[in-house]
Protein chains: 2
Amino acid sequence: MNIGEAAAHSRLPAKTIRYYEEIGLITPLRDLNGYRAFRSSDVHKLSFLGRARALGFSIEDCRTLLSLYEDQGRESAEVKMLARNQLTEVDRKIAALQAMRDTLAYLIDCCAGDHRPDCPILADLGAEAQPERSGATKRTV
Amino acid sequence: MNIGEAAAHSRLPAKTIRYYEEIGLITPLRDLNGYRAFRSSDVHKLSFLGRARALGFSIEDCRTLLSLYEDQGRESAEVKMLARNQLTEVDRKIAALQAMRDTLAYLIDCCAGDHRPDCPILADLGAEAQPERSGATKRTV
DNA sequence: GATAGGCCTTCCACTAACGGGAAGGTCAAG
DNA sequence: CTTGACCTTCCCGTTAGTGGAAGGCCTATC
């Protein structure tokens with residue numbers, strides 16, 4: 001199977017597949033003409049990688065997950081720990097984004113957004129460092 | 001004011017400040033010895049940048065915001081539009097992360113996480129492409 | 001005066017995870 | 001034979017900085 005077909009099956013771009021080979025995540029065979037020859041196990045791994053990446057696992061996490069996947073004697077505890085760490089990380093990111101979101105929404109709500117130059121958004125961004133003023137702006141940042 | 005002091009006041013690393021100068025976001029003066037000399041307006045801009053970045057605005061957005069901030073005749077509508085786009089972007093990211101989170105939490109919940117090799121997380125990652133099986137796993141990915 | 005340390009400078013390399021595009025080889029169809 | 005769709009490697013670019021080396025400057029101390 002050539003790279004194009006492998007890409008179609010795994011739903012990964014060919015560029016990504018070449019990259020994954022380069023960093024040693026997969027090692028497809030080679031045809032006599034130099035073309036990569038993907039076995040179904042390779043395509044399977046690629047799909048695995050695509051799913052793990054879609055769950056936000058880093059490449060290095062994926063490398064570990066893949067080796068655990070291949071290791072028939074692994075303990076599920078190790079995988080669960082990885083997943084839990086990933087969940088924590090995702091939660092952290094969500095919380096950070098949520099804080100941004102709230103501040104942004106608040107500022108947008110304050111801004112008239114018309115032809116006048118007065119803008120609470122810029123005013124807030126440019127405000128002096130927070131010397132613990134009471135109730136001026138909702139400064140989450 | 002030297003870069004160390006500017007860093008302390010703006011709460012940005014010196015490295016970041018040098019980078020911001022390099023890409024033209026600020027242009028501090030120079031002392032005779034070659035040291036950067038930051039005016040209070042420079043430090044003010046740096047704080048502005050720190051806040052805008054903390055809200056998730058890209059460097060290029062920050063460049064625009066800064067120029068709008070300096071432009072006394074700007075229309076607040078333009079700023080509001082930028083902020084709204086940013087809000088949309090943040091919402092998009094939150095939604096994506098939330099989907100990951102749900103799938104991860106589900107998989108973690110399914111996994112015994114003990115010394116046994118059976119692991120639903122790996123099983124799910126490695127499952128065949130979704131041929132619309134009914135009720136097998138909760139595949140969000 | 002010498003030296004130590006703590007600043008500051010520039011420059012280069014590196015990060016994550018690819019994407020774009022050039023230059024060129026291969027293959028099947030018409 | 002040519003065309004067009006594949007494939008190959010190689011190199012550069014992305015975002016927003018971070019790390020480190022080599023070296024200059026400044027102040028204090030011995």
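Order of the sequence lines fixes the chain letters, A, B, ..., with proteins taken first and strands second; residue numbering starts at 1 for each chain. The figures here come from the full heavy-atom set of this structure, side chains too, leaving out hydrogens, waters and symmetry mates.
Between the CE atom of A:M1 and the P atom of D:dC6 there is a distance of 16 Å, rounded to whole Å. Straight-line distance from the CZ atom of B:R63 to the P atom of D:dA16: 10 Å, rounded to whole Å. Between the CG atom of A:D31 and the P atom of D:dT9 there is a distance of 12 Å, given to the nearest Å. In this entry the distance linking CG of B:N2 with P of D:dT27 reads 10 Å, nearest Å. Per the geometry, CD belonging to B:E60 stands 8 Å off P belonging to D:dT15, to the nearest Å. One can place CD of A:E5 at 14 Å from C1' of D:dC7, the figure rounded to the nearest angstrom.
A:I23 and A:L68 fall within the same hydrophobic cluster, where Ile, Leu, Val, Met, Phe, Trp and Tyr residues are linked whenever their side-chain heavy atoms come under 4.5 Å apart, directly or through other members. Note: the hydrophobic cluster containing B:Y19 also contains B:F57 (ILVMFWY, side chain heavy atoms under 4.5 Å, direct or indirect links).
To the nearest 0.5 Å, the span separating CG on A:L125 from NE2 on B:H44 amounts to 9.5 Å.
Scanning residues 14-27 of chain A for heavy-atom distances under 4.0 Å to DNA chain C yields A:K15, A:T16, A:Y19, A:Y20. Within residues 83-93 of chain B, no residue has any heavy atom under 4.0 Å from DNA chain C.
More than 12 non-hydrogen atoms from other residues, nucleotides or ligands lie less than 6.0 angstrom from CD of B:E89. Residue A:R39 places its CZ atom among more than 12 non-hydrogen atoms of other residues, nucleotides or ligands, all under 6.0 Å distant. Atom CD of B:E21 has more than 12 heavy atoms from other residues, nucleotides or ligands within 6.0 Å.
Of the listed residues (B:I108, B:D114, B:D109), just one forms a side chain to side chain contact (heavy atoms under 4.5 Å, CB included) with A:K80, and that residue is B:I108.
In 5' to 3' order, the nucleotides of DNA chain C bounding all contacts with chain A (an atom under 4.0 Å from a heavy atom) are C:dA17 to C:dC27.
Between A:E75 and B:R116 the shortest side-chain heavy-atom distance does not fall below 4.5 Å. At a threshold of 4.5 Å between non-hydrogen side-chain atoms, the residues B:R101 and A:D91 count as touching. Between A:I26 and A:F38 the shortest side-chain heavy-atom distance falls below 4.5 Å. When side chains are defined from C-beta on, B:L46 counts as touching B:Y20, because their heavy atoms get closer than 4.5 Å.
The nearest heavy atom of DNA chain D to B:I59 and to A:N33 marks one nucleotide each, and the one closer to the 5' end goes with A:N33.
One finds no side-chain N or O of A:R30 lying less than 4.0 angstrom from the OP1 or OP2 phosphate oxygen of D:dC7. For A:R36, no side-chain nitrogen or oxygen approaches OP1 or OP2 of D:dC6 to under 4.0 Å.
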